[in-house]
K.L.:
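Mind looking over this structure? Questions follow.
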Protein chains: 2
Amino acid sequence: MRIPAPNNTPVANEEVLFQHVQFKTGQRIHTIGQPFEMLYVVNSGFLKTVMIDELGNEQVLSFPMKSDLLGVDGIHSKFHTSEAVALSDCDLILVPFKKLTALGKTYPELEHAMYGVMSRELVREQAMICMLGTLSAEGRVARFLVSLSDRFSQMGYSHRIFNLRMTRHEIGSYIGLTLETVSRTLSALHEIGWISVDQKTIEIKDLNALRNLRRLPTAKARKEKKTAAAVAAAMSRQQQNAGQAASL
Amino acid sequence: MRIPAPNNTPVANEEVLFQHVQFKTGQRIHTIGQPFEMLYVVNSGFLKTVMIDELGNEQVLSFPMKSDLLGVDGIHSKFHTSEAVALSDCDLILVPFKKLTALGKTYPELEHAMYGVMSRELVREQAMICMLGTLSAEGRVARFLVSLSDRFSQMGYSHRIFNLRMTRHEIGSYIGLTLETVSRTLSALHEIGWISVDQKTIEIKDLNALRNLRRLPTAKARKEKKTAAAVAAAMSRQQQNAGQAASL
DNA sequence: CGATACCTTGATTCGTTTCAATAATCGTGG
DNA sequence: CCACGATTATTGAAACGAATCAAGGTATCG
């Protein structure tokens, strides 16, 4: 859940108004069942949010990073229904919800921004539901990579090369696959030359191909063609008349 | 997205403040790309909301009914990203967003209620993501039925017997399955006696079993045991130490 | 440096989709 | 009112994709 970078809003001096807190890798920002009091804006670092189902299985819901908003799930019931964990050392801005709503009265733009942020998160989750409901394993992994690329790019980092801060298991949980399938799919995308994978380092080589990906040729079909390059060429031909993919 | 029934809020006379509109079965309330101006509260009737992906496939996102809120997806980008279709004749309350935010300033409770509603919808969608990421076909269908049962019950209707207003295809789209799998799963649940299915009429016979369902015995295993009753008994034994299932 | 967590890859199994054929239901107009 | 076509639902058989089981390899952290 991204919020606008501090700009010309009436509360641009939020660094003064709101306290910061640091969390170390592995620390929990809030836990399931904990009373809701604060929202948190990520100032730096990487996190995950997870739900725990009846059997104790973790399900990853999001990977918040700089300028994303945390803790909104607690507004409704006054208790958090998910937990947030730091995947790296983090610096978070504390936003007491009471204070926020109070400020909203004097600064209508702030209130409006909150509606916007929550609405956007709703739309993002809808896209997620759509993906989980319709896409194959390859499509999910591809969209996940594209989404990361877009977000890193928005943060001013390279959209071509980046490090995954999460494990294959966490990725799989996020996009509804097993860690083995994630690993295999990354290898397949590597094999056809759309990305390059070295452990947690990802290099995107053909972002458009990833954006438009619906289904990959089978491993058997790939072996029949001799070179990865030939397959890649065939794929891009096949995809020329595919519409612009919706962003994750 | 349910909103509180009109009670002692300062805007309890919403019937006066806000206009009603009727929609006939099949009519669209709003379409994708349409400029956002209004929210809609369902006063009566049943609807579906859908996204259309790049290839023109419909994906069902929700089945709003009485007291649910429609159109929130448009707040963020000022355009609707989904469309809402009436599955039966409907009566909707029009809520111009401008008017709502204006009223929010004089009635802080209203503004707070909006945050609550949006937060709840966020949590609901998270549960949906969790379901799509982890549950088998049987689990999904079971949760879908439980969810409908709960909602009908909240609306004062029977939680035991109700009519599905949507097709198997729409159900499948909603929970990420093909219509054939939905049909087969309903038949299987019927066979073991947890529900009774006759076309669109569903009778829930064992709500708790449905709530706790994770996986059904295979059709082969079911045939080995002679009677459906024996299987049902085995299943409930197997489920006695399952925790309370989270509601959809 | 050793222990542990994480990743890759292969073989096999299992569940869901796909394809296909039949049946039931609904709405509509003769 | 019934016949008609169209939509919706059921069921079976086969194909496919992802999960599971299993083993070996590689990074990471104390």
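Chain identifiers are assigned alphabetically (A, B, ...) following the order of the sequence lines, protein sequences preceding nucleic acid strands; residue numbering begins at 1 within each chain.
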K.L.:
Does B:G172 reach a base, just sugar-phosphate, or nothing at all? Heavy atoms under 4.0 Å.
P.N.:
nothing

K.L.:
What is the per-nucleotide protein-contact pattern of nucleotides 24-30 of chain D, from the 5' end, where B denotes a base atom under 4.0 Å from a protein heavy atom, S denotes such proximity for sugar-phosphate atoms only, and - denotes neither?
P.N.:
-------

K.L.:
The criterion is salt bridge (charged side-chain N to carboxylate O under 4.0 Å, His left out); which residues satisfy it with A:R160, sequence neighbours excluded?
P.N.:
none

K.L.:
Compare side-chain N and O positions of A:T181 against OP1 and OP2 of D:dA18 and report whether any pair is under 4.0 Å apart.
P.N.:
no

K.L.:
Does the distance from a Lys or Arg side-chain N to an Asp or Glu carboxylate O, for B:R143 and B:D150, drop under 4.0 Å?
P.N.:
no

K.L.:
Take the protein atom CZ of B:R184 and the nucleotide atom P of C:dC14, then report the distance between them rounded to whole Å.
P.N.:
18 Å

K.L.:
Between atom CG in A:L179 and atom P in D:dA18, what is the gap in whole Å?
P.N.:
15 Å

K.L.:
Could you tell me how far apart B:L87 (CG) and D:dT7 (P) are, to the nearest whole angstrom?
P.N.:
17 Å

K.L.:
Counting only side-chain heavy atoms from C-beta out, which of C:dC7, C:dT18, D:dA18 sits nearest to B:T178?
P.N.:
C:dT18

K.L.:
To the nearest angstrom, how far is A:L164 atom CG from C:dC6 atom C1'?
P.N.:
13 Å

K.L.:
Compute the ring centroids of A:Y174 and A:F63, then answer whether they are less than 6.0 Å apart.
P.N.:
yes

K.L.:
Distance check needed: D:dT7 P versus B:H169 NE2, whole Å only.
P.N.:
13 Å

K.L.:
Between A:K48 and A:E83 (salt bridge meaning N to carboxylate O under 4.0 Å), is one present in this structure?
P.N.:
no

K.L.:
Taking only side-chain nitrogens and oxygens of B:R168, does any of them come within less than 4.0 Å of OP1 or OP2 of D:dA9?
P.N.:
yes

K.L.:
If every non-hydrogen atom of A:T49 is compared with every non-hydrogen atom of A:S62, which pair is closest and at what distance?
P.N.:
OG1-OG, 2.6 Å

K.L.:
When you get a sec, tell me which of C:dT16, D:dT11, C:dT9 is the closest nucleotide to the side chain of B:S183?
P.N.:
D:dT11

K.L.:
Give, for atom CG of B:L186 and atom CZ of B:R184, the distance between the pair rounded to the nearest 0.5 Å.
P.N.:
12.0 Å

K.L.:
Taking CZ from B:R165 and C1' from D:dT8, how many angstroms apart are they, rounded to a whole number?
P.N.:
17 Å

K.L.:
Please determine whether any donor N or O and acceptor N or O are separated by less than 3.5 Å between the side chain of B:E180 and the base of C:dC19.
P.N.:
yes

K.L.:
Looking at every non-hydrogen atom in both residues, tell me the closest pair between A:A142 and A:L210 and how far apart they are.
P.N.:
CB-O, 3.6 Å

K.L.:
Grab the CG-P distance between B:L186 and D:dA9 for me, whole Å please.
P.N.:
10 Å

K.L.:
Rounded to the nearest angstrom, tell me the gap between atom CG in A:L135 and atom P in D:dG17.
P.N.:
14 Å

K.L.:
Using the side-chain heavy atoms of B:S187, tell me which of these nucleotides is nearest: D:dA22, D:dA18, D:dT10.
P.N.:
D:dT10

